[in-house]
Amino acid sequence: MVESAKPVPPIWCPGCGDFGVLAALKKAALEQKVAPYDLVLVGGIGCSGSIHNFLEVNGIHALHGRLLAQAVGVKLANPGLTVVAAGGDGDGYAIGMGHFIHAFKKNASIVYVAMNNETYGLTKGQPSPTSQIGFEGNIERPFDAILTALSIPAPNLIARTFSGDPKTMIAVLGEAIKFTREGRGFAFIEDLSPCVTYNDTYKLWREKVLDVSKVPGYDPTDRQAMFKICLDTMDQGRIPIGVMHRPKETAPEGLEAKLLGTALGPARSDISIEPNLASYQKLLAALS
Amino acid sequence: MVESAKPVPPIWCPGCGDFGVLAALKKAALEQKVAPYDLVLVGGIGCSGSIHNFLEVNGIHALHGRLLAQAVGVKLANPGLTVVAAGGDGDGYAIGMGHFIHAFKKNASIVYVAMNNETYGLTKGQPSPTSQIGFEGNIERPFDAILTALSIPAPNLIARTFSGDPKTMIAVLGEAIKFTREGRGFAFIEDLSPCVTYNDTYKLWREKVLDVSKVPGYDPTDRQAMFKICLDTMDQGRIPIGVMHRPKETAPEGLEAKLLGTALGPARSDISIEPNLASYQKLLAALS
Amino acid sequence: MPPLADVSVMIGGQGGDGTLTVSDLLGRYFRKRGLYVYTSRNVLSRIRGGHADASVRASRDPIAAQKSTVDVLVAFDQEAITIGASELAPHGYILYDSTAFKSDLPNATGFPFATLVGGALGQPIFKNTAAYGALSVVFGFDPAETRAVIEERFKRRGGEALEKNLKALEIGRKAALEAAGLADRYSVADGDAHDLVMTTGNQAVALGFVVGGGRFFAGYPITPATEIMEYLQRYLPPLGGVVRQAEDELAAVNMIIGASYTGARVMTSTSGPGLSLMTEGIGHAGTAELPIVVADCARVGPSTGQPTRHEQSDLSHLANLGHGEFPRFIVAPGTPVDCFEMTVDALNLAERWRVPVLLLLDQALCQNTTTSPRFDVQRVHVDRGERLTGDAVAQLTQYKAYQFTESGRSAYAPPGTPGVWAEITGNEHDEWGHVSVNPTNRVRMMRKRMEKMVKARDELPAARLFGPADAKVGIIGFGSTFGPIREAQTVLEARGKPTRFLQARTLFPVPVHEIEPFLKSVDVAYVVEHNYTGQFARLLRETMPAQHAKLRSVLKYDGSNFRAPEIIAAIPEVA
Amino acid sequence: MPPLADVSVMIGGQGGDGTLTVSDLLGRYFRKRGLYVYTSRNVLSRIRGGHADASVRASRDPIAAQKSTVDVLVAFDQEAITIGASELAPHGYILYDSTAFKSDLPNATGFPFATLVGGALGQPIFKNTAAYGALSVVFGFDPAETRAVIEERFKRRGGEALEKNLKALEIGRKAALEAAGLADRYSVADGDAHDLVMTTGNQAVALGFVVGGGRFFAGYPITPATEIMEYLQRYLPPLGGVVRQAEDELAAVNMIIGASYTGARVMTSTSGPGLSLMTEGIGHAGTAELPIVVADCARVGPSTGQPTRHEQSDLSHLANLGHGEFPRFIVAPGTPVDCFEMTVDALNLAERWRVPVLLLLDQALCQNTTTSPRFDVQRVHVDRGERLTGDAVAQLTQYKAYQFTESGRSAYAPPGTPGVWAEITGNEHDEWGHVSVNPTNRVRMMRKRMEKMVKARDELPAARLFGPADAKVGIIGFGSTFGPIREAQTVLEARGKPTRFLQARTLFPVPVHEIEPFLKSVDVAYVVEHNYTGQFARLLRETMPAQHAKLRSVLKYDGSNFRAPEIIAAIPEVA
Ligand SMILES: Cc1ncc(C[n+]2csc(CCOP(=O)(O)OP(=O)(O)O)c2C)c(N)n1
Ligand SMILES: Cc1ncc(C[n+]2csc(CCOP(=O)(O)OP(=O)(O)O)c2C)c(N)n1
Ligand code: SF4
Ligand code: SF4
Ligand SMILES: [Mg+2]
Ligand SMILES: [Mg+2]
């Protein structure tokens with residue numbers, strides 16, 4: 001057996017919510033029988049973004065905020081890979097906001113786990129786009145990624161989990177991996193992953209989370225209804241968790257499927273001259 | 001009278017929807033009695049973004065996609081100015097998407113007119129984030145800025161107008177200018193402004209637009225209801241126009257008001273040493 | 001007048017007047033007559049209206065630059081005359097559309113093209129084809145071939161479009177034939193250049209990318225780079241490749257980085273503003289050792305600058321871009337064939353050395369059309385470096401993505417290779433790809449990366465030398481200045497003033513091994529470039545300070561590209 | 001042993017062990033004794049865990065660098081010994097926390113700090129204060145003053161925190177007093193440096209910004225720049241200023257551009273990755289002639305690199321960043337007083353010349369603390385250039401934002417000035433600010449902008465010279481290398497080997513008028529910098545090629561900053 005990069009021990013503070021994501025991801029990948037060499041974990045920059053170092057998988061440490069652009073590139077170039085992007089709320093919703101919104105629209109079949117701790121952990125606790133008013137002087141209303149995700153008309157899987165609830169996490173992550181492996185498009189999971197050092201919300205969140213599937217009228221195929229359920233839940237001071245959108249569409253709607261059908265794609269094409277010679281000569285002959 | 005930069009003739013193709021925005025803006029600014037030297041027009045890069053060259057106002061031609069960041073800087077530095085940012089759908093929803101979403105959240109009192117022609121005009125007709133499927137090979141579902149605007153929890157003014165309907169445009173632009181001059185926060189108007197050269201949608205849009213205020217249950221203070229009205233309207237193949245959100249809040253909630261209260265702000269502060277000497281000495285003395 | 005062996009026609013008008021069509025039709029005709037052809041344009045960054053002009057030049061000799069004088073000027077607006085008159089040759093003549101304005105110039109004839117065509121066809125826009133018709137009379141073109149050009153050009157649009165254009169042609173011909181003294185005013189000597197293609201640098205780059213094995217492209221529209229993406233949107237999908245218009249340049253460069261990680265051959269293309277935005281991404285590729293190619297179609301900077309106009313002022317940025325230090329190769333083609341072949345080189349170099357390769361182009365090279373020899377697929381060689389397949393990996397005991405090796409190149413097994421995983425990062429890392437702050441490792445990794453610029457030296461595109469080896473006046477240039485410099489050399493040669501021209505094709509790392517001997521061989525060397533500070537000359541001074549006294553700069557930064565006489569005039573030793 | 005006149009203590013442990021607190025407490029004590037103090041740190045880019053260390057140095061002479069040897073090492077983990085032992089002076093000693101591990105080294109004593117404190121106070125985290133207590137015994141500190149330091153440091157947190165720290169102190173003292181042969185093992189000579197402040201470059205920049213009239217700041221968190229934003233969040237709002245944490249660096253730089261347009265004095269601060277992202281914005285400011293200051297707190301690059309570690313490898317990027325060409329000034333302070341004063345200079349220069357000014361810092365300068373003379377507000381002068389008020393505008397017949405003038409500076413009337421409007425753009429423009437492609441205007445505008453770099457020459461921060469004018473060995477440096485270079489000079493001076501040091505404070509445009517005479521005056525000049533390619537030396541070679549043979553590079557790029565002996569060792573003429 002060839003020796004390959006070994007995982008290093010997590011660099012997180014003891015008790016950090018990110019441990020939950022790591023454990024759940026390990027479990028879900030195993031349950032979904034993804035070979036480690038077929039799984040690509042794209043990490044952001046932040047405490048959360050180092051997650052790929054702690055697993056025996058292909059890992060690419062992207063630039064701050066660019067993990068989704070890189071992840072989409074990976075998937076389109078080799079649709080055979082299972083691609084999971086994971087990073088922080090600062091990474092995803094501040095510097096990465098443009099790519100975040102466009103990821104729903106592009107709808108490539110990748111999983112994105114945004115590890116939301118309502119702060120910038122690695123740079124020591126500044127407010128992030130999801131921070132509450134008053135946190136470290138924050139005066140802007142917190143961004144709600146689920147509401148915005150629901151506003152983008154594309155057949156994405158949308159969910160929120162909580163690191164204090166590993167069972168749901170594993171189930172949702174498993175569903176998301178499966179969803180993307182079926183080529184059905186973008187699967188977004190916001191995981192509430194407390195930063196015990198700068199913003200310890202474990203207790204608060206445990207009290208506040210509310211599983212939307214328990215709310216009367218729950219129908220994850222109906223954007224408009226879910227938008228209302230989420231807003232109402234938030235108005236009651238609770239945080240909705242669970243699957244917020246599970247598209248009706250079951251066909252492989254993923255961008256890579258639309259672009260490539262069943263072709264192998266750029267990474268696995270034979271690019272030597274011989275097999276392509278006829279096509280090349282045709283192209284060149286068309287020059288006038 | 002001192003001679004200052006004179007407007008140049010518009011460079012738009014005859015019939016371009018952007019002429020509508022120019023005319024309406026001129027009218028609305030006049031009606032709102034904004035002195036030309038107190039009005040700052042921040043243009044994006046695109047056909048639309050050159051609008052500031054065609055009016056007798058302060059104009060700053062921002063970088064492609066950065067007009068909102070620059071406009072917010074203008075307002076926070078001198079809250080006495082009336083600030084209108086205007087640019088294209090490519091500028092605002094593609095390269096500028098991150099700042100777009102954050103503009104709602106920041107809620108500085110500026111008007112933003114996104115001139116949506118569902119294409120990149122100035123670069124000759126490529127698909128933009130709002131392009132329909134099939135337009136110039138586009139395979140991504142169009143982004144709907146109004147739905148997404150409604151998903152961001154902040155007391156913004158949100159509206160859509162149509163260059164083919166100047167009366168509504170003038171009214172809505174006037175309301176937006178007034179809203180921001182009262183320091184109430186961010187006012188977003190998406191104007192449907194057809195590109196007659198690359199994507200002539202005048203006729204189609206004239207048939208499709210539907211004034212939401214005519215829809216039963218119309219209540220622009222209720223995000224959730226408006227979200228539903230818009231989705232339903234779209235499901236019927238129509239394009240909702242009108243005011244989609246008019247916040248209940250009437251206090252000066254704008255970011256500049258929160259930060260500065262009634263202070264004059266950075267641009268108008270006296271920064272000479274004398275008047276500040278005592279404060280400076282206190283700061284320096286605090287060094288240990 | 002004797003037949004012209006080198007003819008130039010300029011067509012000016014308002015955006016939308018169809019000036020480009022006239023130059024295109026003329027170009028097609030001249031090519032049929034075995035001439036070398038160069039067409040260029042000078043347009044505003046707006047879609048309609050505003051003055052714009054197009055030029056076509058045809059010659060019995062190879063050319064890749066505008067002529068310094070205009071033989072015939074076609075004016076659809078007054079501005080065309082204001083601008084064009086100063087360039088008009090003494091024997092030159094002006095045809096103008098008298099629907100738009102009147103001119104008193106003695107050497108000018110007005111035709112109411114718009115009115116004539118509008119009356120006959122209902123659509124004045126065909127006035128451009130009428131002007132082509134009038135020109136065909138002025139130059140004494142063969143009527144059948146003149147017509148054939150129209151048929152070829154409009155056959156795809158077919159039907160009514162073709163018919164109306166043919167009618168407009170006749171209207172123009174008739175008007176010119178009826179005007180006194182215009183018929184056969186000039187004649188153009190036929191040439192013997194055949195089996196050439198007419199292409200732009202952008203098209204050649206797109207073709208080079210495909211044939212070089214490029215299969216993943218992401219970009220964002222920007223003048224003058226957009227056509228590369230547009231060509232690839234046609235070329236790549238049938239080959240199983242992917243082209244994406246990204247939401248911005250940050251996404252574009254990061255998408256190709258992600259795709260490169262999987263082992264695909266990738267490229268993006270952009271111009272100055274987009275390039276500036278890609279700065280962080282390019283540095284990431286350099287550190288993470290992910291091969292990417294970035295084509296920069298330079299235009300007038302800084303900032304939004306002049307989007308449609310010509311400059312070569314991105315070189316300093318390219319050579320130094322990015323915080324920190326990482327290796328990069330900057331290669332600069334000078335002709336369409338270069339564009340084709342060096343895009344392949346760029347892909348090979350990027351993958352072998354696992355570095356970002358920056359393909360530096362300029363607006364004139366990108367968008368002007370040149371007659372070019374056909375591209376030769378036989379000369380293309382795809383070299384993937386130490387790329388590991390599953391079988392090869394199985395033979396290993398260890399797989400380290402950043403392994404220190406003698407050659408300076410680490411083998412790479414893309415994700416999906418059974419048994420191994422690639423751990424890739426833009427943080428400083430050890431051989432395994434694990435984040436490391438160990439100072440010894442840091443120093444080794446820096447050297448590993450930076451020494452690629454030394455070790456790859458002999459694989460980088462070689463400079464080309466033109467002119468006698470004993471000439472004492474040297475000229476150095478890159479990119480589209482190739483055309484006017486070669487032309488200047490020819491003129492000077494004929495005057496008995498030989499020069500030696502080094503066409504640099506690798507600009508960074510500066511090929512000292514090529515340029516130093518060259519500098520030593522001449523008394524003085526003129527570095528010709530389109531920028532203010534003499535960017536390539538600055539690099540030469542930094543790397544070969546001992547030769548600095550020989551260096552002179554010939555600079556132009558007004559938005560237009562060099563013409564041969566300007567270069568000659570700037571060299572006192574031969575001017 | 002005689003009293004130490006220059007003492008160094010290193011404290012190593014896991015992140016969260018509180019090593020920084022120990023160095024801070026020691027620093028406070030030494031300052032009370034009239035010593036110059038320098039504290040530095042070596043931390044990982046992670047919040048807890050992983051090895052990190054802090055160092056404190058105190059000396060009777062001014063210092064701004066680490067000592068090359070460690071007198072006493074405090075180890076909370078085994079790694080501290082692995083790393084620190086090699087730096088330990090021959091007479092050095094190690095105190096370690098025997099709760100964590102055991103050591104057999106002869107010159108080491110273990111104390112179960114964590115257990116002792118944990119037992120008595122319930123919280124082992126106070127072990128760091130216990131270590132401070134033990135150190136106070138080892139160095140024979142005055143007990144009352146040792147205690148007073150704790151009181152000062154924890155008085156703000158007050159109550160329980162203060163009480164527990166005081167108890168931990170006593171626990172540490174007691175343990176050390178009971179250990180054989182430790183008490184008064186060393187003594188440190190008192191100094192006579194008083195009325196100094198202890199500060200970092202980041203704090204000094206923040207203060208300079210405020211006093212220089214800066215009122216608008218937008219930034220995005222990034223190590224090692226974040227503290228500038230954090231200080232300003234405290235300083236500015238009471239003065240009517242605005243500080244915003246933006247959504248990213250693109251927003252930050254564009255927000256300050258917008259604010260600058262209104263006439264406010266603005267700044268952003270960042271480090272490499274953010275700087276790369278700001279490239280396009282900085283070029284926009286340069287073209288639009290909107291004054292901005294960008295502070296770059298350099299760290300180890302390229303890409304994400306080593307976020308917490310030291311380097312000076314952004315200079316080439318800063319000097320060349322951006323497509324196209326636009327003017328910029330790069331100024332590089334070397335001390336906290338420089339940081340304060342040159343931030344003011346940067347604001348003045350930016351506004352007078354309407355250019356981007358790049359304030360180049362480095363991690364060591366930004367984050368290490370130095371004893372510094374107090375900042376003198378009397379030396380601060382606010383110069384707003386040709387800024388037009390409403391009254392001044394009323395006297396004009398014309399107002400052109402980009403007026404061509406003899407001085408090269410155009411007057412500016414911000415929006416809101418009655419009667420005029422500012423038309424500002426990053427496209428090429430005429431004097432009025434209207435988009436223009438006129439070639440003559442283009443050339444004039446390029447010259448207008450670029451010549452600022454020539455015309456402003458005598459206003460740019462001047463280099464400083466140290467050492468005898470007739471010394472034949474020259475040293476050139478910038479930024480935090482000031483400290484170790486000055487120290488090296490002092491050592492060499494004492495050895496009878498004089499050197500002359502030019503501290504460059506303006507790096508770009510290269511101050512040829514300062515450096516050329518300097519180079520001419522010496523036989524050889526060592527350019528000391530923290531990067532791989534010798535970035536400043538490259539700029540010198542480019543601009544003064546005739547002097548190139550004298551230039552030598554002394555480079556370090558392993559993430560740590562120079563110590564004086566390393567510099568001495570690199571200069572064969574004196575080593
Ligand atoms: C372009 C750029 N800007 C800033 C930084 C500095 N930075 C590193 S991590 C981080 C934010 C981390 O916050 P988040 O994404 O929420 O991750 P967390 O640490 O909370 O998991 C920032 C701003 C960077 N690395 N790159
Ligand atoms: C950073 C950058 N990328 C690309 C461009 C090229 N560009 C100019 S305008 C434009 C898009 C215009 O589309 P839109 O914003 O919708 O405006 P429209 O012309 O349709 O009004 C682009 C991509 C640029 N100027 N800067
Ligand atoms: S700082 Fe916060 S987010 Fe980072 S590892 Fe510690 S607990 Fe987790
Ligand atoms: S190209 Fe389209 S958007 Fe641009 S000016 Fe013409 S009609 Fe308007
Ligand atoms: Mg976070
Ligand atoms: Mg548009």
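Chain letters run A, B, ... following the sequence lines, proteins first and then strands; every chain starts at 1. Note that this is a predicted model, so its numbers are computed, not measured.
- Separating the OG1 atom in B/Thr148 from the NZ atom in A/Lys105 is a distance of 10.5 Å, to the nearest 0.5 Å.
- B/Pro129 touches chain A through backbone and side chain together, each having a heavy atom under 4.5 Å away.
- Ionic pairing of A/Glu253 and B/Arg141 is present here: one or more N-O contacts between side-chain nitrogen and carboxylate oxygen are shorter than 4.0 angstrom.
- Of the two parts of B/Phe104, neither the backbone nor the side chain holds a non-hydrogen atom closer than 4.5 Å to a non-hydrogen atom of chain A.
- Looking at A/Ile101, only its side chain comes within 4.5 Å of chain B, counting heavy atoms on both sides.
- The CZ atom of B/Arg223 sits 9.0 Å away from the CG atom of A/Leu147 when rounded to the nearest 0.5 Å.
- In this structure, CD1 on A/Ile152 lies 7.0 Å from OG on B/Ser151, to the nearest 0.5 angstrom.
- Interface summary for chain B: among A/Lys106, A/Met234, A/Glu140, the most heavy-atom pairs under 4.5 angstrom belong to A/Glu140.
- In this structure, NE2 in A/His102 is found 4.0 Å from CE in B/Met97, a value given to the nearest 0.5 Å.
- Atom CD1 of residue B/Ile139 and atom CG of residue A/Leu255 lie 5.0 Å apart, to the nearest 0.5 angstrom.
- Remark: A/Lys228 NZ is loosely packed, at most 12 non-hydrogen atoms of other residues, nucleotides or ligands lying under 6.0 Å away.
- Within residues 154-162 of chain A, the residues having any heavy atom under 4.5 Å from a heavy atom of chain B are, by residue number, A/Ala154, A/Pro155.
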